[in-house]
> 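Before we start, here is the structure in question, set down as structure tokens.
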Amino acid sequence: MPRVYPLFSSSSGNSCYIGSKSEGILIDAGVSCKKLVCALGSNDISPAAVKAIFITHDHSDHISGLKVFTKNYNIPVYAAPKTMEYLISRGHISSRGEEVEIGVEKVVGDFSVTSFATPHDAVQSVGYRIVTPDGKSACICTDLGHITADVEKNLCGCELVLLESNYDERMLRTGSYPYILKQRIASPDGHLSNCASAREVKRLISAGTTRIILGHLSRENNTPQIAENTLMRELGGDFVQNKDYLMYIAKPESTGMTVTY
């Protein structure tokens, strides 16, 4: 039975492990090697269980631990072509790195991983759809300013989706961030608001998704309670939590959180 471990999820660092305690893949390595190893260990997962690391994009909160982690454990890294070029040219990889074209399936052990483009202000940003050994599918999709048709197509039909719910629109608007940063976050190539995320979650549940993880919440412009309340308002009485779906919120450090699907 597949499991998702959202180890870290915030603008301070992101990393998610998918698989079993003996074999799986890592999406991003945006915290130090020490923190990553400790987080895996708290779930009784050895670094040796990580068969590959897939990078979503080049921002530091997704790659900051990559160099040391790959140097210590010699784990292969996969990324979209422009992202891989960036990682290699800046010395972020200490083991084998391989470009994987967007939309092309990559098989690692018994896992099938396919990327899809996400609208974000990075060199080349992607989300990942992962099919586990038992044929179940999950999507990891954060850091996107809006839901495109391609994003929608890849999310639809997954048993589990980890989707960004980055900011509350009022908190961002009235908060202390500089105006230019507020514009960046709320732009079509920025981050997904609670409202936009909630609308997409409603569509996903309608299409059969049963596990929802809200992730990449802003520390300054959001709270777990506000994100959950926004989702509940959008769903209204159409779906019943713990009956039609299960909902989780990934904390900045969710080392003890495991979602089975």
> Could I get the full list of salt bridge (Lys or Arg N to Asp or Glu O under 4.0 Å) partners for Lys202, not counting sequence neighbours?
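Partners of Lys202 by the salt bridge (Lys or Arg N to Asp or Glu O under 4.0 Å) criterion, ordered by chain and then number, come out as Asp238.
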> Under a 3.5 Å cutoff, is there a donor and acceptor pairing between the side chains of Asp150 and Thr148?
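Side chains of Asp150 and Thr148: no pair found under 3.5 Å.
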> For Pro47 versus Ile75, what's the shortest heavy-atom pair and its separation?
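So the minimum-distance heavy-atom pair works out to O-CD1, 4.0 Å.
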> For a quick test of reading the model, state the closest non-hydrogen atom pair linking Asn72 to Cys33 and the distance between them.
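Distance-wise, the nearest heavy atoms are ND2-SG, 3.6 Å.
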> Quick check: are there more than 12 heavy atoms from other residues, nucleotides or ligands sitting under 6.0 Å from NZ of Lys51?
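Atom NZ in Lys51 is packed in, count exceeds 12.
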> Which value, rounded to the nearest 0.5 Å, describes the distance between Ser125 atom OG and Asp58 atom CG?
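Here the interatomic distance stands at 8.5 Å.
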> State, with a plain yes or no, whether a side-chain heavy atom of Cys141 is found less than 4.5 Å away from one of Leu155.
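Sidechains of Leu155 and Cys141: in contact.
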> Any chain of hydrophobic side-chain contacts (each under 4.5 Å) joining Val259 to Phe111?
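Yes: a chain of side-chain contacts under 4.5 Å links Val259 to Phe111.
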> Testing the 3.5 Å rule here: is there a donor-acceptor pair between the side chains of Glu164 and His191?
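Result is yes, a qualifying pair exists.
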> Is it the case that the side chains of Glu105 and Ser112 hold a donor-acceptor pair, with the cut-off being a distance below 3.5 Å and no angle test?
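Short answer, yes.
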> Are any non-hydrogen side-chain atoms of Tyr245 and Leu204 less than 4.5 angstrom apart?
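With C-beta onward as the side chain, the pair stays apart.
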> Are Val123 and Met84 in one and the same hydrophobic cluster, where Ile, Leu, Val, Met, Phe, Trp and Tyr link if side-chain heavy atoms are under 4.5 Å apart?
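Cluster IDs for Val123 and Met84 match.
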> Is it true that Glu98 and Lys106 have a side-chain N and a carboxylate O under 4.0 angstrom from each other?
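Yes, Glu98 and Lys106 are salt-bridged.
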> Before accepting this row, confirm whether a basic side-chain N of the pair Glu152/Arg203 lies closer than 4.0 Å to the acidic partner's carboxylate O.
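Yes, this pair counts.
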> Rounded to the nearest 0.5 Å, how far does CG of Asp110 lie from OG1 of Thr132?
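Nearest 0.5 Å value for the OG1-CG distance: 10.0 Å.
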> When rounded to the nearest 0.5 angstrom, what distance separates CG in Leu7 from OG in Ser42?
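Answer for the CG-OG pair, Leu7 versus Ser42, is 7.0 Å.
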> Check each of Tyr248, Tyr17, Tyr261 against Val4 using the side-chain contact (heavy atoms from CB on, under 4.5 Å) test, and report the only one that passes.
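Among Tyr248, Tyr17, Tyr261, the one that satisfies the side-chain contact (heavy atoms from CB on, under 4.5 Å) with Val4 is Tyr261.
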> Side chains of Asp28 and Ser15: any donor to acceptor distance under 3.5 Å?
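Per modelled atom types, Ser15 and Asp28 side chains form no pair under 3.5 Å.
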> Is the closest side-chain heavy-atom distance between Ile249 and Ile213 below 4.5 Å?
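They are not in side-chain contact.
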> Say whether, by atom type as modelled, one donor and one acceptor occur between the side chain of Glu23 and the main chain of Ala49 under 3.5 angstrom.
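Looks like no, no N/O pair under 3.5 Å.
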> Within the distance-only criterion (no hydrogens, no angle test), does the side chain of Thr83 pair as donor or acceptor with the backbone N or O of Ala79 below 3.5 angstrom?
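A pair under 3.5 Å: no.
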> Assess whether side chain to side chain donor-acceptor pair (under 3.5 Å) is satisfied between Ser12 and Arg219, documenting all intermediate values.
CA-CA 9 Å; Ser12 299; Arg219 293 177 185 264; 3.3 Å; yes
> For Glu159, I'd like to know if atom CD has over 12 heavy atoms of other residues, nucleotides or ligands within 6.0 Å.
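Count over threshold, so yes.
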> For the residue pair Asn194 / Ser165, report whether a side-chain donor-acceptor contact shorter than 3.5 Å exists.
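Yes, because at least one side-chain N or O of Ser165 sits under 3.5 Å from a partner of the opposite role on Asn194.
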> What distance do Glu200 atom CD and Cys195 atom SG have between them, rounded to the nearest 0.5 Å?
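Output value for this atom pair is 14.0 Å.
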> Under 3.5 Å, is there a donor on one side chain and an acceptor on the other for Arg3 and Ser20?
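Judged by distance alone, the side chains do not pair up.
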> Quick check on the 6.0 Å ring-centre criterion: do His146 and His120 meet it?
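Not under 6.0 Å, so no.
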> Quick check: are there more than 12 heavy atoms from other residues, nucleotides or ligands sitting under 6.0 Å from NZ of Lys21?
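More than 12 heavy atoms, drawn from other residues, nucleotides or ligands, come within 6.0 Å of this atom.
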> What are the two closest non-hydrogen atoms of Thr118 and Gly127, and how far apart are they?
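Heavy atoms of Thr118 and Gly127 come nearest at CG2-N, 3.5 Å.
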> Would you say Thr70's side chain and Lys67's backbone share a donor-acceptor pair under 3.5 angstrom?
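At least one qualifying donor-acceptor pair exists.
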> Would a 4.5 Å heavy-atom cut-off, applied to side chains only, mark Ile63 and Tyr86 as touching?
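They are in contact (side-chain heavy atoms under 4.5 Å apart), so the answer is yes.
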> Say you draw a straight line from NE2 of His216 to CG of Leu163; how long is it, rounded to the nearest 0.5 Å?
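Between His216 NE2 and Leu163 CG, I get 12.0 Å after rounding to 0.5 Å.
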> So, taking the atom named CZ in Arg199 and the one named CG in Leu192, what distance separates them when rounded to the nearest 0.5 Å?
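If I round to the nearest 0.5 Å, the distance is 8.5 Å.
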> Are His62 and Asp143 close enough, and set up right, to give a side chain to side chain donor-acceptor pair (under 3.5 Å), and what steps lead you there?
CA-CA 10 Å; His62 294 260; Asp143 298 78; 3.1 Å; yes
> Is the Tyr73 ring parallel, tilted or perpendicular to the Phe69 ring (thresholds 30°, 60°)?
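If you compare the ring of Tyr73 with that of Phe69, the planes turn out tilted.
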> With Asp121, which residues qualify under salt bridge (Lys or Arg N to Asp or Glu O under 4.0 Å), at least two apart?
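Scan of Asp121 (salt bridge (Lys or Arg N to Asp or Glu O under 4.0 Å), adjacent residues dropped) gives Arg184.
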> Closest approach of Asn222 and Ala227, non-hydrogen atoms and distance?
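Looking at all heavy atoms of both residues, the closest pair is OD1-N, 3.9 Å.
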> Please say yes or no: joined through hydrophobic side-chain contacts below 4.5 Å, possibly via intermediate residues, are Ile212 and Ile140 part of one cluster?
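Result: no, two separate clusters.
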> Go through the side-chain N and O atoms of Asn14 and Asp61 and say whether any donor and acceptor fall under 3.5 Å apart.
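Yes, because at least one side-chain N or O of Asn14 sits under 3.5 Å from a partner of the opposite role on Asp61.
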